[in-house]
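Presented below is the structure to which this report refers.
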Amino acid sequence: DGGITQSPKYLFRKEGQNVTLSCEQNLNHDAMYWYRQDPGQGLRLIYYSQIVNDFQKGDIAEGYSVSREKKESFPLTVTSAQKNPTAFYLCASTRGQHEAFFGQGTRLTVV
Amino acid sequence: AQKVTQAQTEISVVEKEDVTLDCVYETRDTTYYLFWYKQPPSGELVFLIRRNSFDEQNEISGRYSWNFQKSTSSFNFTITASQVVDSAVYFCALRRVEYGNKLVFGAGTILRVKS
């Protein structure tokens, strides 16, 4: 079945550590997105990519980095520069102007 | 600036009541798309509807209906005869076609339907 897979579902990070969240899609979609969700703040755009080897900063890119080396994959690294990384992270992909498909999310907690 | 505002943070209704979720957007783009998504407790967003900026026809799908009014920059969502299974967070979103398909979401409205 086609879809978006995010892993892991739960992730714990120690202070000062970088962690990478995985997002893979087999829908042959060109565009991919990363969002952060905090209670009461909806989804905020971190990074998005329209094509391979190209990506743009969203509204809250500081402390995050991404890569898009393959069409299917758009990993997000939460760096130590992100001071408040505890949140729910959602990855999405879309084809043309059609609706975005979302993964099941990764819940990141700083310990 | 592009912005989506969902002024209702939380709504509680009793089963079988009708409920309308408001969405107001701001954009200077000529071409854009509007969406509604549902987020159940599992966390994954479920697509409900897409509407482009040139199509102001209202739409009805079962108990769901949407009212798009360009003149007031609103794209409201009505659930008729609400059910407990409708309890979720609902998001309105705007896609900017002229700016690399940037997809911006509102803060969401929590809908609680009580039996």
Side-chain angles (χ1 to χ4, degrees), chain A residues 1-11 21 23 25 27 29-51 54-61 68 74 87-108, chain B residues 1-10 21-25 29-55 59 61 66 75 88-111:
Chain A
D1 288 336
I4 299 180
T5 302
Q6 287 187 243
S7 62
K9 192 170 181 180
Y10 299 96
L11 185 57
L21 284 59
C23 178
Q25 54 101 356
L27 300 164
H29 286 175
D30 290 310
M32 297 187 74
Y33 305 80
W34 273 107
Y35 292 91
R36 169 179 172 143
Q37 187 176 19
D38 296 281
Q41 294 197 48
L43 276 68
R44 292 185 290 167
L45 182 62
I46 304 173
Y47 270 97
Y48 62 110
S49 167
Q50 299 300 302
I51 56 173
D54 187 44
F55 47 83
Q56 290 77 39
K57 292 183 179 180
D59 301 315
I60 56 165
R68 187 86 187 276
F74 192 41
F88 187 55
Y89 291 85
L90 283 160
C91 179
S93 72
T94 186
R95 173 177 63 87
Q97 299 310 323
H98 294 272
E99 69 274 17
F101 287 78
F102 283 81
Q104 293 191 319
T106 293
R107 194 165 296 280
L108 173 63
Chain B
Q2 291 62 234
K3 191 177 172 183
V4 177
T5 301
Q6 294 180 253
Q8 303 149 309
T9 304
E10 185 169 338
L21 309 181
D22 296 334
C23 173
V24 174
Y25 62 93
D29 297 353
T30 304
T31 304
Y32 54 89
Y33 285 78
L34 296 165
F35 301 82
W36 274 96
Y37 284 86
K38 174 182 180 180
Q39 185 180 39
S42 61
E44 185 174 347
L45 269 73
V46 177
F47 165 75
L48 296 176
I49 190 171
R50 177 188 69 165
R51 177 67 70 226
N52 75 52
S53 52
F54 300 106
D55 181 5
E59 182 157 337
S61 175
W66 291 269
F75 186 41
V89 184
Y90 290 86
F91 291 98
C92 181
L94 167 72
R95 175 182 289 152
R96 306 188 59 203
V97 174
E98 297 160 19
Y99 288 86
N101 282 318
K102 186 176 180 181
L103 184 58
V104 178
F105 282 78
T109 296
I110 300 170
L111 176 64

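These values consider heavy atoms only, across backbone and side chains, with no hydrogens, waters or symmetry-generated copies. Below, chain A is the first sequence line, B the second, and so on; all start at residue 1. For clarity, every value in this text was computed on a predicted model and none was experimentally measured.
- The neighbour count for B:F54 CZ, taken as heavy atoms of other residues, nucleotides or ligands under 6.0 Å away, is above 12.
- Only the side chain of A:L45 comes within less than 4.5 Å of a heavy atom of chain B; its backbone N, CA, C and O stay farther away.
- Going from atom CZ of B:F105 over to atom CG of A:L90 covers 8.5 Å, rounded to the nearest 0.5 Å.
- Per-residue counts of heavy-atom pairs under 4.5 Å with chain B were compared for A:F88, A:Y35, A:F101; the largest is that of A:Y35.
- A:D59 contributes atom CG, which lies 4.0 Å from atom NZ of B:K102 (distance to the nearest 0.5 angstrom).
- The shortest non-hydrogen separation linking B:R95 to A:Y33 is NE-OH, 4.1 Å.
- Counting heavy-atom pairs closer than 4.5 Å to chain A, the top residue among B:G108, B:G43, B:A93 is B:G43.
- Taking CD from B:Q39 and CD from A:Q37, the interatomic distance works out to 4.0 Å, rounded to the nearest 0.5 Å.
- Proximity to chain B involves both the backbone and the side chain of A:A100, based on heavy atoms less than 4.5 angstrom apart.
- Taking chain B as the reference chain and counting heavy-atom pairs below 4.5 Å, the highest number among A:H98, A:Q104, A:Q6, A:Q56 is found for A:H98.
- Here the closest non-hydrogen pair linking A:F102 and B:E44 is O-OE2, 3.4 Å.
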